[in-house]
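A quick note: this is a predicted structure, and the numbers were derived from the prediction, not measured. All chains are named by letter (A, B, ...) in the order of the sequence lines, taking the proteins before the strands, and each is independently numbered beginning at 1.
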Amino acid sequence: MMTAPYDPSTFEPKWQQFWEDNQVFKAKLEPGKPKYYCLIEFPYPSGAGLHVGHPRSNTALDIIARKRRMEGHNVLYPIGWDAFGLPTENFAIANHIHPAKVTRDNVNHFRAQLKRLGFSFDYSREVDTTDPAYYKWTQWIFLKFYEHGLAYKAEMPINWCPRCKIGLANEEVVGGACERCGHEVTHKVKNQWMLAITRYAQKLLDGLENLDFIEPVKAQQRNWIGRSEGCEVDFQIAGTDERLRIFTTRADTMFGATYMVLSPEHPMIEKLADRIHNIDELRKYREQAANKSDFERAEMQKDKTGVEIKGLMAINPATGQQIPLWISDYILMGYGTGAVMAVPGHDERDWEFARAFNLPIVEVVAGGDIEKEAYTDIDDGILVNSGLLNGMKVKDAQEAMMDHLEGLGISKRKVNFKLRDWVFSRQRYWGEPIPLVHCPDCGIVPLKEEDLPLLLPDVDSYEPTDSGESPLAAITEWVNVPCPTCGQPAQRETDTMPQWAGSSWYFLRYCDPHNTEEFASKEALDYWMPVDWYNGGMEHTTLHLLYSRFWHLFLHDLGLVSAPEPYKKRTSHGMILGENGEKMSKSRGNVINPDVLVDEIGADAFRVYEMFMGAFDQAIPWSMAGARGAKRFLDRVWRLQDMLDADNQSYSDSLRVLINQSIKKVGEDFERMKFNTAIAQMMTMVNEYYDKGHITAGDFKALLLLLSPVAPHMCEEIWQNQNFGGYIHQQPWPAFDEAFLVDDQVEIAVQVNGKVRMRMMVPSDMDKQTGEKELPNRPEVQEQTAGKQVIKCIYVPGRLLNLVVK
RNA sequence: GCCGGUGUGGUGGAAUGGCAGACGCGACGGACUCAAAAUCCGUUGGUAGCGAUACCGUGUCGGUUCAAGUCCGACCACCGGCACCA
């Protein structure tokens, strides 16, 4: 009897219901059973709904999760919602709907969309960062930071739109202008909450050593943390007791320092204002700089701007000479000491600045032509014009100079980090309230644990206030509270936390999501943590991924989590582009909704296509035709049911070899995230089965087991149709037999001087020595080398024979 | 400017230094059909040749090697990120 045509809509919802009803994917804490924790970055539930980019990561780790279950692991594969954030807030403002309702609706939409794709999430562990039962613990962890002195206040610039009179996120600043009104964005200094991530810079760097993160992620985190070794040196300001401190990694070039540059915000300027002849000019320049972003200030191509500080000179401690002081906006107060010594002979930026302002350029390392350009490739150079360092190699000079300066008592070796502390407060509504009270007598007072969560109050308007304060500042009945310590009238902190807060620890909450006493029980954390495999986007490498490592390292130091690092392994997926090869976005009109795909080709085919379309870690344009090809492949698998014999043994040795090779390759490829080649291998199996015209149940089962993590619905359906016993998700992952991985004979290429001339069959177990001795004597090989002298012969077993002839 | 990534047929892509183009998509031809769709079977890097075959071919230019898409050096283009790494 012919099997009914492949129609996924007749069974995909059925199996989704079955898995749910039977709690097949519910993760249970079972000590003694090996656990495996798969994690994907929980989505931001935007109003636009799921697009085909989301499921790429989900499907990949769903394959791993399903494979691990078949391998006997107790798998935790959770899902949740990273739901605080700007788009929801802006939607709420525009449409006068409470952001909590917007979030609820979006989450329901997302969940329904995800469920149609058949992911093996444990939905009973869903977390939502905007749920008070969740953010209670986000607040609680913040208070731990505060208690331990890692949360502090500092003056920081925010983006400010003078027309809208609101603070803006970087996201809302487009080309230096306000996204809403187009007015030029300026900076406004605000007292902000900071988290001292820099105190963990070294630990965050060291921790990377032993983690199984893909190399680009490690490299990016290392570069972001940016450790550099050098020294701080004090330059005397001539005629004063003031010293100007700089940081340099190139003490060896100090004899070439012909001027210095300060950040326009450097405090020394105001301190010595009365000695500076052009102080007004400097203040004006500082004002202009304040309106630029750091990135604009850092732009290399732009023309160098700067102003000389007239009336002050510094003394170069190496040469003893007086050198001029300048300010320029490319020097940022936030890195190093906010001042540099300029060595124009050997630094490109300094060279250009010196040229632009006609400052002296001195060569201190021989070899370049400093008239034409800065000579920067100096690591193996020899010092000149450098007093005591003359004739030394750069590396030695560096050490010698640092020792010398230290001896003079004006320098200290110093390790500097590029990493900056984390601005942790936002003047927004839709975020976790910071649970602190400002008391005129007691100062800053944290809320007591029993008073958490501090709920977001209901408000009528979510707009930030025109003073730049959070909308919460306008709700006096919420703001005015008695001090938790002394009972005097006091005010609540009105800033909220950034969206990164909730996502910095959600993987811990998944371990024990309904706990009302702790953020998660020790037992659950000890069992499930660390995350065994975390997949996400490259764009989160230096923010979310680093922030969450920071939180975890901190909690570990407090003894609240056992694992030192949260994630054992980190991989990344590439972006899915629109059919036109451009980034998918509403404005480009090239967004593809997975619902449409489920309707047309089914969830399984969609999953197969997402995994087959190209290299997992690279950006790939979507192709509707390609997606239909995936459906065609599953259709061919489905119709194998009509070619089925009851036997278990393969019909030929070569087929048996193919199946064993496939079991090995598919398993290994899944682990290496080479899903595309794993699926290609399964397609090859199917093509082979069609060639034979009929297959055995044993061979068919092997294919279904390999395919089931990718196309779970169809594989369950066929397994049941054919009465193969039980459910396919309960079957063990297939094993291959080493003995059947190769045929007796294998075809190799025969090259003459590197060009392929013929092919021939050789025994597959022939080793290199035997091959090189015997194969050139074969008559068909001799034919190729007739009349020529063989001077060398290389045999690569099972691959090729190369004869070098004259 | 810095950091990271990517350049392979008409197209998405494959390839532990060892036969470039697996597996798809598209296209073309054939079978089935009254016809179409679906399906099945075949062909499909370029040039020359009826053909066996020959030569060329993985962004560019050099190098190492018996052998280079892969390793090394210099460069070009594109994509992503950025807080001038002092």
Option passing ring pair (Phe, Tyr, Trp, His ring centres under 6.0 Å) with Tyr259(A) (candidates Phe357(A), Phe353(A), Trp351(A), Phe235(A)): Phe353(A)
OP1 or OP2 of C23(B) under 4.0 Å from side-chain N/O of Arg636(A): no
Most 5' of Asn416(A) and Val756(A) on RNA chain B, judged by nearest nucleotide: Val756(A)
Sugar-phosphate, base or nothing in reach of Asn687(A), heavy atoms under 4.0 Å: sugar-phosphate
Whole angstrom value for the distance that separates P of G81(B) from CE of Met538(A): 12 Å
Name of the residue among Arg632(A), Lys631(A), Arg639(A) meeting salt bridge (charged side-chain N to carboxylate O under 4.0 Å, His left out) with Asp635(A): Arg639(A)
Ile331(A), nearest nucleotide to its side chain (from C41(B), A86(B), A15(B)): A86(B)
Touch class at under 4.0 angstrom, heavy-atom based, for Arg222(A) against every strand present: nothing
From C66(B), G4(B), A14(B), nucleotide with atom closest to Thr677(A) side chain: A14(B)
Touch class at under 4.0 angstrom, heavy-atom based, for Lys755(A) against every strand present: sugar-phosphate
Sugar-phosphate only, base, or nothing, as touched by Arg639(A) at under 4.0 Å among non-hydrogen atoms: sugar-phosphate
Any Asn676(A) side-chain nitrogen or oxygen under 4.0 Å from OP1 or OP2 of A14(B): yes
Minimum-distance nucleotide to Arg420(A) side chain [options: G4(B), A83(B), U6(B)]: A83(B)
Whole-Å gap separating C1' (A22(B)) and CD (Gln681(A)): 9 Å
Sugar-phosphate, base or nothing in reach of Leu419(A), heavy atoms under 4.0 Å: base
Arg672(A)/Glu668(A) salt bridge by N-O under 4.0 Å criterion: no
Atom pair distance, as rounded to whole Å: CD in Glu579(A) and C1' in U11(B): 12 Å
Where the chi angle of G9(B) falls, syn if within 90° of 0 and anti if not: syn
Sugar-phosphate only, base, or nothing, as touched by Ile794(A) at under 4.0 Å among non-hydrogen atoms: base
Touch class at under 4.0 angstrom, heavy-atom based, for Glu747(A) against every strand present: base
G10(B) and U16(B), which share atom name P, separated by this distance in whole Å: 24 Å
Donor/acceptor link under 3.5 angstrom from Asn802(A) side chain onto base of C66(B): yes
Ion pair check, Arg628(A) and Glu600(A), cut-off under 4.0 Å: yes
Of the listed nucleotides A86(B), G4(B), U16(B), the one nearest the side chain of Thr249(A): A86(B)
Sugar-phosphate, base or nothing in reach of Ala342(A), heavy atoms under 4.0 Å: nothing
First encountered from the 5' end of RNA chain B, between Thr248(A) and Leu800(A): Leu800(A)
Side-chain (Asn590(A)) to main-chain (Lys583(A)) donor-acceptor, under 3.5 angstrom: yes
Pairing partner (Watson-Crick or G-U wobble, both distances under 3.5 angstrom) of U43(B): A27(B)
Identity of whatever pairs with U64(B) - Watson-Crick or G-U, under 3.5 angstrom: none
Nucleotide nearest Asp691(A) (side chain, heavy atoms from C-beta), chosen from C41(B), G5(B), G12(B): C41(B)
Counterpart base for U53(B), defined by Watson-Crick or G-U wobble contacts under 3.5 Å: A48(B)
Trp622(A) and Tyr609(A) aromatic centres sub-6.0 Å: yes
G-U wobble or Watson-Crick pairing nucleotide for A35(B) (cut-off 3.5 Å, both distances): none
Base paired to A77(B) (Watson-Crick or G-U; both N/O distances under 3.5 angstrom): U6(B)
Between G13(B) and G59(B) - P atom distance, rounded Å: 14 Å
Residue Arg632(A), side-chain atoms from C-beta onward, closest of G18(B), A83(B), G26(B): G26(B)
Nearest to side-chain heavy atoms of Asn223(A), which nucleotide of C3(B), C41(B), A22(B): C3(B)
N-O pairing of Arg570(A) and Glu41(A) below 4.0 Å: yes
